[in-house]
Amino acid sequence: MWSGSADPSIPIPGTFALCALHATDLRVRCMGIHHNGSNPPDTTQFLALSGGGHFACGVEYGSHFIVCWGELQVPQDLQQVSYSIVASGGFHVCALRSDNSFVDCWGRIPAPPAGMAFASLVSGWGFSCGLTQAGTAVCWGDLRKEILQPSNETFGSIFAGGNTACGVTLLGRLCCWGTADHGQSTPPTGLQFLSIAGGLYHTCGIRADNRQVLCWGDQDNGKLTAPLDVSFSQIAAGDFYTCGMRMDPPMDVVCWGNSVWYPRYQKNFTISRGMCVSECGRSQFQAADQLCPVVRDKVCLDCSVCVGNSEASPCGPLSDRKCDTRSRPRSTALVILLIAAALFLGSLLVLATWLYLLRREKSKEDDPKQQGDGKLEVVASKNENERSAGQALAMSALELEVATNSYSEEMVLGKGAFGTVYKGVLENGQAKPVDHFRPVQNIVIWAKELLNDDTLHQLFDPALAVPEMPEPLYRAAKLALECTDVRGKMRPSMTNVAKSLEDILESLKEQDTRPPSKLSESGRDSKLSEPLSGRDSGNMSSFPASI
């Protein structure tokens with residue numbers, strides 16, 4: 001998507017370029033500014049489109065050959081190669097081969113990893129990224145590392161903006177990396193997204209729960225002012241603005257940013273809602289209101305995700321998932337129950353500590369053997385035989401230290417969970433075991449010590465069946481300790497606590513239904529047929545469906 005300026009970093013308000021596939025015949029329709037012979041072919045039907053800087057490319061519907069128009073063309077030796085995905089950047093193109101899933105690139109871009117197969121492919125301004133079959137994101141080209149790519153993350157899908165790459169993990173968490181000068185690589189927390197599109201200084205995403213668009217990054221020129229209460233099936237971004245296709249009414253286009261007001265064009269611009277594919281993926285449903293040129297093909301859309309709400313009806317072959325926003329979700333109720341239980345146990349702990357201190361203070365007042373310095377007199381005589389059977393020997397802390405040679409390691413008889421037993425030598429020379437208990441302290445302080453020593457398992461009841469992978473259990477304990485911080489600003493908010501507990505519950509569910517190490521065949525089909533796969537970034541916004 002080109003801004004109409006010789007310098008792509010300087011926007012000219014109101015300028016835009018918009019290309020998409022017409023819903024009825026899958027031919028390219030374009031609006032806005034097009035230069036240097038960048039008009040699309042009139043009669044060719046396309047499976048998908050991807051816009052770059054002063055050029056655009058598409059995958060032909062039948063042959064899967066790539067056709068480009070504008071300043072960048074397909075090399076002659078690649079014009080008869082079948083591709084499943086095309087991803088255009090600022091001045092380069094990368095495409096995924098249909099036969100072996102290898103990548104070919106041309107233009108101003110380094111060569112892709114040799115011999116590496118990918119499940120999906122995206123391009124930014126000067127870089128490209130591929131998602132391996134195992135869910136690893138691999139990028140090449142000029143992508144700044146102001147925010148580093150998270151390590152050891154498995155992604156279900158990846159996306160690219162001008163100078164940003166993003167991936168959605170298998171648990172639905174969005175991670176972004178790349179340039180951070182305008183906050184475009186810092187997505188909001190606590191939300192899940194179906195699709196991501198980014199310009200030079202901003203990023204937008206379709207929320208998984210309500211399909212509304214949320215944007216972050218640089219606000220200049222209204223780049224973040226997505227329409228409220230509007231659901232979208234897909235979005236695409238230019239350098240300084242974003243366009244999306246509405247779910248209701250279907251096939252209408254709305255744009256925002258850079259003073260672009262698009263709805264005046266929508267009467268003559270009916271856009272395909274997605275790619276025509278043979279089968280929908282596991283987390284997709286068929287858009288029944290759109291037909292493809294080949295009868296057996298269908299347009300598939302990603303199912304919504306009920307985040308923070310219970311499911312009213314599941315995602316079916318011809319319908320999206322419905323979420324019940326009226327009822328309190330079970331997960332939220334569980335979070336409230338856990339918080340209430342934690343507060344109750346904390347109150348009991350405070351009460352028990354207070355009663356203990358009160359009782360100890362009273363015992364000092366009633367015991368005549370107590371001295372003013374708080375130490376007990378020695379009531380045992382030097383002659384051990386003078387004490388009656390069963391009488392306990394009382395000693396001061398100083399005498400205990402002398403008897404055990406300052407608690408020397410040489411005097412240790414044994415260690416247990418409640419303290420260390422030392423051998424103490426009395427004044428009469430007799431040796432006695434001395435149980436040196438841990439000093440009375442706050443259980444929170446003790447738990448923090450265990451956490452710092454990586455021995456937090458000592459805090460758990462031995463009768464509990466600790467799972468094989470106890471990471472969620474440790475996360476819950478660590479969260480509970482964070483909530484006890486005496487510094488108010490350091491304690492997590494209730495919103496963050498609820499979100500963290502939601503993530504922990506999702507981790508437990510993930511352990512119960514752990515996915516295979518590689519994406520399933522249906523999962524790969526889903527990613528290859530995503531409406532936004534392999535498009536976006538660069539200068540021309542395009543839906544593959546391409547707007």
State plainly whether the residues Asp42 and Arg27 are in salt-bridge range, i.e. N to O under 4.0 Å.
no
Keeping the roles fixed (side chain from [X], backbone from [Y]), state whether a donor-acceptor pair exists under 3.5 Å.
X: Glu146; Y: Ala180; result: yes
X: Ser88; Y: Ser50; result: yes
X: Gln73; Y: Gly70; result: yes
X: Ser231; Y: Asn210; result: yes
X: Asp320; Y: Ser304; result: yes
X: Asn100; Y: Phe102; result: yes
X: Gln45; Y: Asp25; result: yes
X: Thr164; Y: Gly161; result: no
X: Gln149; Y: Ala137; result: yes
X: Ser101; Y: Ala117; result: no

Atom pair [atom1]/[atom2] of [X] and [Y] - distance to nearest 0.5 Å:
X: Phe46; Y: Thr44; atom1: CZ; atom2: OG1; answer: 4.5 Å
X: Phe118; Y: Ser84; atom1: CZ; atom2: OG; answer: 12.5 Å
X: Cys30; Y: Trp69; atom1: SG; atom2: CH2; answer: 6.5 Å
X: Leu21; Y: Arg29; atom1: CG; atom2: CZ; answer: 9.5 Å
X: Thr189; Y: Arg173; atom1: OG1; atom2: CZ; answer: 10.5 Å
X: Thr242; Y: His202; atom1: OG1; atom2: NE2; answer: 3.0 Å

Between [X] and [Y], what is the shortest heavy-atom contact and its length?
X: Ser63; Y: Ser82; value: O-OG, 3.7 Å
X: Phe232; Y: Gly244; value: CD2-C, 3.4 Å
X: Ile158; Y: Gly130; value: CD1-C, 3.6 Å
X: Cys176; Y: Ile147; value: O-CG2, 3.5 Å
X: Gln192; Y: Leu171; value: NE2-O, 3.9 Å
X: Pro113; Y: Val138; value: CG-CG1, 4.0 Å

Would you say that [X] contacts [Y] through its side chain, given a criterion of any heavy-atom pair below 4.5 Å between the two side chains?
X: Val103; Y: Trp140; answer: yes
X: Phe55; Y: Val93; answer: yes
X: Val299; Y: Cys292; answer: yes
X: Asp297; Y: Tyr61; answer: yes
X: Thr132; Y: Met116; answer: yes
X: Tyr83; Y: His64; answer: no
X: Thr169; Y: Cys175; answer: yes
X: Gln79; Y: Phe65; answer: no

Please walk me through it: do Leu194 and Gln234 pass side-chain contact (heavy atoms from CB on, under 4.5 Å)?
CA-CA 9 Å; Leu194 296 175; Gln234 56 182 303; over 6 Å; no
Among Pro188, Ser157, Cys204, Cys166, exactly one meets side-chain contact (heavy atoms from CB on, under 4.5 Å) together with Phe193. Which residue is that?
Pro188
Centroid separation Trp177 to Phe155 less than 6.0 Å
yes
side-chain contact (heavy atoms from CB on, under 4.5 Å), that's the test. Do Cys280 and Lys298 meet it? Break it down for me.
CA-CA 8 Å; Cys280 294; Lys298 59 196 72 174; 3.8 Å; yes
Within the supplied structure, the quantity of interest is the number of heavy atoms (other residues, nucleotides, ligands) at a distance under 6.0 Å from Arg321 CZ; does it exceed 12?
yes
Evaluation steps, side-chain contact (heavy atoms from CB on, under 4.5 Å), between Gln184 and Asp218:
CA-CA 7 Å; Gln184 63 268 53; Asp218 182 45; over 6 Å; no
Indicate whether any N or O donor in one side chain lies under 3.5 Å from an N or O acceptor in the other, for Gln212 and Asp209.
no
Does the side chain of Asp220 come under 3.5 Å of the side chain of Tyr201 through a donor N or O and an acceptor N or O?
no
If a pair satisfies ring-ring contact (aromatic ring centres under 6.0 Å, His included) and one of its residues is in residues 281-316, list it, with sequence neighbours excluded.
none
Mind running side-chain contact (heavy atoms from CB on, under 4.5 Å) on Val59 and Met275 for me, showing each step along the way?
CA-CA 11 Å; Val59 179; Met275 295 175 60; over 6 Å; no
